[in-house]
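Just below is one structure, and these are the notes that go with it.
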Amino acid sequence: MTSDNTAATGLTKADLSAILADAFAPWVQDLNLSVDDIGSDGITMRLPADARLSRIGGIVSGQAMTAMADTTMVLALATHFGGFRPVATVDIAMSFMRAIKSSDVLCQARVRRAGRSLAFVHAELRGAEDTQVAAVANGTFAIPDTAARHEIDRQPPSMQTRSGI
């Protein structure tokens, strides 16, 4: 991967950072994730070492790594689409193979397939100074039909309430 391959993706680190600041919940922003790398095959994000995100012995918690993986996969989809599109996590499966202790965490995510309604993304997590994968994540994301959303937005409020939207 290159350090900021805008030709391949159309998005820069600054673009992805702005999406992270604008589209994600404050508690996700509190993780202090940053875009480390953008390439034609995906993106890499960094989670800085933080005692608040660690268990006994300095082991980075699985919850923090899962949130990082999910966020990285959503931003990988943004690079795939050439801009942010709201998506919903349908499923995320994490497999933890080894501990990451007192280290920044790197998460590299690649879009495996993106159709009209679903996308499949794979991520690998490792310690910043480690070459061995510590965890993998596979996520399935729903891609809302933006045309259908326009139709819903044009309905009177009484119709939106009745349909549960």
Side-chain angles (χ1 to χ4, degrees), residues 1-50 52-54 59-100 103-146 149:
M1 289 198 347
T2 61
S3 64
D4 198 9
N5 191 350
T6 59
T9 66
L11 295 178
T12 65
K13 289 181 182 182
D15 294 331
L16 292 178
S17 295
I19 292 168
L20 185 60
D22 294 340
F24 288 85
W27 70 267
V28 174
Q29 295 173 29
D30 288 346
L31 294 172
N32 293 315
L33 299 172
S34 61
V35 180
D36 209 53
D37 198 27
I38 303 172
S40 61
D41 60 343
I43 70 166
T44 301
M45 295 193 68
R46 179 179 294 265
L47 171 69
D50 185 338
R52 296 177 317 126
L53 302 177
S54 298
I59 297 170
V60 180
S61 74
Q63 296 92 336
M65 292 184 0
T66 302
M68 177 193 203
D70 184 66
T71 303
T72 304
M73 290 190 282
V74 170
L75 291 176
L77 284 167
T79 64
H80 176 81
F81 295 134
F84 179 75
R85 289 180 63 184
V87 296
T89 306
V90 174
D91 179 63
I92 187 169
M94 290 289 299
S95 296
F96 299 96
M97 297 173 280
R98 54 194 317 265
I100 298 175
S103 170
D104 287 5
V105 179
L106 297 178
C107 179
Q108 182 179 24
R110 295 181 184 103
V111 176
R112 295 297 188 196
R113 182 179 185 282
R116 286 186 298 153
S117 60
L118 289 176
F120 304 90
V121 187
H122 175 79
E124 295 182 350
L125 294 87
R126 61 179 43 91
E129 304 300 322
D130 200 346
T131 58
Q132 293 185 329
V133 173
V136 295
N138 288 294
T140 305
F141 297 85
I143 305 167
D145 181 1
T146 55
R149 184 73 235 171

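FYI, side chains are in, hydrogens and waters are out, and symmetry mates aren't considered; it's all heavy atoms of this structure.
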* Is there side-chain contact between V136 and M97, with at least one heavy-atom pair below 4.5 Å? -> yes
* Structure fact -> In this structure, CZ of R85 is separated from CD1 of I19 (nearest 0.5 Å) by 12.5 Å
* What do the steps show when you test L53 against L47 for side-chain contact (heavy atoms from CB on, under 4.5 Å), and what is the final call? -> CA-CA 10 Å; L53 302 177; L47 171 69; 3.7 Å; yes
* Asked: Between G139 and M73, what is the shortest heavy-atom contact and its length?
  -> N-SD, 3.8 Å
* To do: Give the minimum heavy-atom separation between V105 and M68, together with the two atoms involved.
  => O-CE, 3.1 Å
* **Steps toward side-chain hydrogen bond (donor to acceptor under 3.5 Å, both in side chains) verdict (R126, Q132)** => CA-CA 6 Å; R126 61 179 43 91; Q132 293 185 329; over 6 Å; no
* Asked: What closest approach, in Å, do R46 and D104 show between heavy atoms, and which atom pair accounts for it?
  -> NH1-OD2, 2.9 Å
* **Pairwise side-chain contact, I143 with R116, heavy-atom cut-off 4.5 Å (strictly under)** => no
* Asked: Would you say F84 and L11 make side-chain contact, with heavy atoms under 4.5 Å?
  -> no
* **Residue pair L33 / L20: nearest heavy atoms and the distance that separates them** => O-CD2, 3.5 Å
* Look at D36 together with K13 and state whether they make a salt bridge at an N to O cut-off of under 4.0 Å. => no
* Asked: Going from OG1 on T71 to CG on L31, what distance comes out if it is rounded to the nearest 0.5 angstrom?
  -> 7.0 Å
* **Nearest non-hydrogen partners of A135 and M94, listed with the distance** => CB-CE, 4.2 Å
* To do: Kindly indicate, with the supporting measurements, whether the criterion side-chain contact (heavy atoms from CB on, under 4.5 Å) is fulfilled by I100 and M65.
  => CA-CA 10 Å; I100 298 175; M65 292 184 0; 3.9 Å; yes
* Quick one: which of L75, V28, I92, V121 gives a side chain to side chain contact (heavy atoms under 4.5 Å, CB included) with D70? -> I92
* Asked: How many angstroms lie between atom CG of D91 and atom CZ of F120, to the nearest 0.5 angstrom?
  -> 9.5 Å
* Asked: Looking at side-chain heavy atoms only, is the closest gap between L125 and C107 below 4.5 Å?
  -> yes
* Asked: Is it true that a side-chain atom of Q29 and a backbone atom of F24 form a donor plus acceptor pair closer than 3.5 Å?
  -> yes
* To do: Drop me the distance from M45's CE to L106's CG, to the nearest 0.5 angstrom.
  => 11.0 Å
* **Side-chain heavy atoms of L16 within contact of I43, under 4.5 Å** => yes
* Would a distance-only check, ignoring hydrogens and angles, find a side-chain to backbone donor-acceptor pair under 3.5 Å from D130 to G127? -> no
* Asked: Where is the tightest heavy-atom contact between D41 and R110, given as atom of each residue plus distance?
  -> O-CG, 2.7 Å
* Quick one: are L118 and F141 in side-chain contact, heavy atoms under 4.5 Å? -> no
